[in-house]
Novice: 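So that we are looking at the same thing, I have put the structure below in structure tokens.
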Amino acid sequence: MNLGNFNIKATDGLARRGEYYTAHGVFETPNFMPVGTQATVKGMTPDQLKEIGAQIILSNTYHLHLRPGEDVINRLGGLHKFMNWDRPILTDSGGYQVFSLAKLRKITDEGVMFQSHIDGRNLMLTPEKVVKIQEILGVDIMMVLDECLAYPSTEAQARNSLDITLRWAKRAQVARSRAETLAFGIVQGGMFPELRKSAAHELSQIPFDGYAIGGVSVGEPLELMREITKVSAENLPSDKIRYLMGVGTPTDIVESVALGVDLFDCVMPTRCARFGRLWTENGYINIKNAQYREDSTPIDSECDCYTCRNFSKAYLSHLQRADEILY
RNA sequence: GGAAGGGUGCCCGAGUGGCUAAAGGGGGCGGGCUGUAAACCCGCUGGCUUACGCCUACAUAGGUUCGAAACCUAUCCCUUCCA
């Protein structure tokens with residue numbers, strides 16, 4: 001099989017069904033990556049992830065670089081062995097931390113200077129360094145360093161930011177040195193369709209193994225997110241995999257697939273589970289609400305998952321109140 | 001029987017004359033969460049009222065004072081120590 005090959009097996013409108021080949025095997029698309037920022041999907045073992053059908057997971061360059069460090073992981077046999085996950089891994093570049101840790105970083109042409117959120121020390125992440133770190137981690141798919149722009153931003157800010165992201169993308173491509181580590185470029189451009197369009201076109205000139213849409217779900221209205229997803233996706237090569245970063249809700253995923261997106265990731269399932277928001281066919285419930293205290297029925301009577309088959313809302317409500325992490 | 005320290009809102013606990021319907025926790029009630037600084041964060045939590053405000057409240061009963069959770073007296077209860 002050819003690494004980075006995206007085999008589209010069926011289409012329906014803009015939606016596609018396919019297979020993507022990596023050094024740790026194939027994953028089907030459309031697909032959703034559970035988020036394992038710190039080399040663990042919070043609250044879940046690899047076996048449990050496989051049990052629910054996870055074929056690829058996401059981890060994070062910034063976080064693993066800070067702790068425990070890519071060299072430590074490398075000496076322990078690489079990220080897959082370290083966390084005992086033998087299926088594909090994609091790592092985010094730290095571009096999201098440019099957004100989420102905005103108060104702790106400074107962007108220059110060279111890269112991003114972060115002040116560690118752990119101990120305050122300074123660290124510089126450049127496009128080249130981020131490529132290197134991900135190659136050392138031994139991941140299957142690396143993301144190039146980008147600037148995930150905050151919302152709202154002016155067109156001038158978005159243009160400026162996009163220029164940097166595109167220059168960084170070119171530098172990242174040049175810096176690559178390991179064939180088994182595939183790389184995805186990232187479309188930015190804020191909430192400006194014309195910028196998105198030109199970003200997608202320009203990025204497509206760089207021979208990445210896939211293309212991502214970043215900088216959405218940063219606080220903008222839902223319709224705007226759809227519009228930006230649409231214009232970004234339709235201007236990317238149709239024969240390459242498309243990854244919508246950080247999205248999303250079940251509805252977001254279904255609607256984005258219809259716009260031609262193939263791959264997703266989001267912290268929502270793991271975070272909401274920890275915080276007590278549980279999803280059903282009919283939206284979500286807050287399991288801590290008083291009404292569930294003695295509710296003997298499952299979260300979703302139509303669902304055949306382990307939790308729904310075996311536990312009542314009353315029990316789950318108790319676990320949530322007692323700060324127990326089981327389920 | 002004697003000595004000392006205590007009794008504060010659902011619970012723990014700060015407060016020793018006015019800025020106190022009473023800090024801070026916890027609990028309770030509700031909300032938020034989209035490439036995770038996130039087992040986190042934000043509201044509300046005596047009663048009535050839209051609000052102004054009024055009423056009730058810091059063991060109990062009196063008292064001092066313009067004003068008391070706070071000072072005084074009595075009573076009840078709790079903890080520790082001594083007999």
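Small disclaimer: the values here were computed from a predicted structure and weren't measured. All chains are named by letter (A, B, ...) in the order of the sequence lines, taking the proteins before the strands, and each is independently numbered beginning at 1.
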Novice: Over all heavy atoms of both residues, which pair between Trp168(A) and Thr108(A) is shortest? Give the atoms and the distance, please.
Specialist: CZ2-O, 3.4 Å

Novice: In whole Å, what is the span from the CE atom of Met33(A) to the C1' atom of U34(B)?
Specialist: 13 Å

Novice: Could you state the CD1-C1' distance from Ile287(A) to G32(B), rounded to the nearest angstrom?
Specialist: 17 Å

Novice: Side-chain donor or acceptor of Asn60(A) under 3.5 Å from a matching atom on the base of G35(B)?
Specialist: no

Novice: What distance, rounded to whole Å, do you find between the two C1' atoms, one in G63(B) and one in G46(B)?
Specialist: 27 Å

Novice: Rounding to a whole Å, what distance do you find between Leu90(A):CG and G35(B):C1'?
Specialist: 9 Å

Novice: What is the base-pairing partner of A69(B), counting Watson-Crick and G-U wobble geometry with both distances under 3.5 Å?
Specialist: none

Novice: Measuring only the P atom in each nucleotide, how far is U16(B) from C40(B)? A whole number of Å is fine.
Specialist: 33 Å

Novice: Would you say that more than 12 heavy atoms from the other residues, nucleotides or ligands in this model lie under 6.0 Å from the CZ of Arg159(A), or not?
Specialist: no

Novice: Over how many whole Å does the gap from Asp265(A) atom CG to U34(B) atom C1' extend?
Specialist: 9 Å

Novice: Between the protein and nucleotides 29-31 of chain B, which nitrogen or oxygen pairs come in under 3.5 angstrom?
Specialist:
from	atom 1	to	atom 2	distance (Å)
C29(B)	OP1	Arg293(A)	NH1	2.7
C29(B)	OP2	Arg321(A)	NH1	2.6
C29(B)	OP2	Arg321(A)	NH2	3.4
G30(B)	OP1	Ala290(A)	N	3.4
G30(B)	OP2	Ala290(A)	N	3.0
G31(B)	OP2	Asn289(A)	OD1	3.3
G31(B)	OP2	Asn289(A)	ND2	3.1

Novice: Would you give a per-nucleotide map of nucleotides 37-47 of chain B, 5' to 3', where B means the base has a protein non-hydrogen atom under 4.0 Å away, S means only the sugar-phosphate does, and - means neither?
Specialist: BBBB-------

Novice: Starting at CG of Leu64(A) and ending at P of G35(B), how long is that distance when rounded to a whole Å?
Specialist: 16 Å

Novice: Identify the nucleotide, in any strand shown, that forms a Watson-Crick or G-U wobble pair with A39(B), with both distances under 3.5 Å; if there is none, say none.
Specialist: none

Novice: What I want to find out is whether Asp252(A) reaches Arg226(A) closely enough, with some N-O distance under 4.0 Å, to be called a salt bridge.
Specialist: yes

Novice: Say we look at G5(B) and G9(B): how far apart would their C1' atoms be, to the nearest angstrom?
Specialist: 23 Å

Novice: Looking only at side-chain N and O atoms, does Thr37(A) come under 4.0 Å of OP1 or OP2 in U36(B)?
Specialist: yes

Novice: What class does the angle between the rings of Tyr284(A) and Trp279(A) fall in, given that below 30° is parallel, 30 to 60° is tilted and above 60° is perpendicular?
Specialist: perpendicular

Novice: Just the rounded figure in Å: distance from P of U36(B) to CE of Met143(A).
Specialist: 11 Å

Novice: Does the structure show a Watson-Crick or G-U wobble partner for C54(B), both distances under 3.5 Å? Name it, or say none.
Specialist: G47(B)

Novice: In whole angstrom, what separates Ile56(A)'s CD1 from G35(B)'s P?
Specialist: 16 Å

Novice: Under 4.0 Å, heavy atoms only, any strand: does Ile186(A) hit a base, just the sugar-phosphate, or nothing?
Specialist: base

Novice: With Tyr62(A) as reference, evaluate Phe99(A), Phe114(A), Tyr96(A) under the ring-ring contact (aromatic ring centres under 6.0 Å, His included) test and give the passing residue.
Specialist: Phe114(A)

Novice: Does A21(B) pair with anything, Watson-Crick or G-U wobble, both distances under 3.5 Å, and if so, with which nucleotide?
Specialist: none

Novice: Identify the residue among His65(A), Lys132(A), Gln134(A) that makes a side-chain hydrogen bond (donor to acceptor under 3.5 Å, both in side chains) with Glu70(A).
Specialist: His65(A)

Novice: Work out how far the C1' atom of C48(B) is from that of C42(B), and round it to whole angstrom.
Specialist: 28 Å

Novice: For a quick check under 3.5 Å, do Asp295(A) and Thr297(A) share a side-chain donor-acceptor pair by atom type?
Specialist: yes

Novice: Checking base pairs now: Watson-Crick or wobble, both atom distances under 3.5 Å. What partners G1(B)?
Specialist: C82(B)

Novice: With P as the reference atom in both, quote the distance from C71(B) to G17(B) in angstrom, rounded to an integer.
Specialist: 8 Å

Novice: Testing Val41(A), Leu49(A), Asp47(A) one by one against Thr45(A) for a side chain to side chain contact (heavy atoms under 4.5 Å, CB included), which residue passes?
Specialist: Asp47(A)

Novice: Does atom CD of Gln291(A) have more than 12 heavy-atom neighbours from other groups under 6.0 Å away?
Specialist: yes

Novice: Roughly how far apart, to the nearest Å, are A57(B) and A69(B) at atom C1'?
Specialist: 10 Å

Novice: When the P atoms of U60(B) and U8(B) are compared, how many Å lie between them, rounded to an integer?
Specialist: 10 Å

Novice: In this structure, which one of Leu326(A), Leu316(A), Ile299(A) forms a side chain to side chain contact (heavy atoms under 4.5 Å, CB included) with Phe311(A)?
Specialist: Leu316(A)

Novice: Are Phe208(A) and Phe184(A) close enough that their ring centers fall under 6.0 Å?
Specialist: no

Novice: Whole angstroms only, please: what is the CG-P distance between Leu58(A) and U34(B)?
Specialist: 15 Å

Novice: Is there a Watson-Crick or G-U wobble partner for C76(B) with both distances under 3.5 Å, and if so, which one is it?
Specialist: G7(B)

Novice: If we take the P atom in both C19(B) and G53(B), what is their distance in whole Å?
Specialist: 15 Å

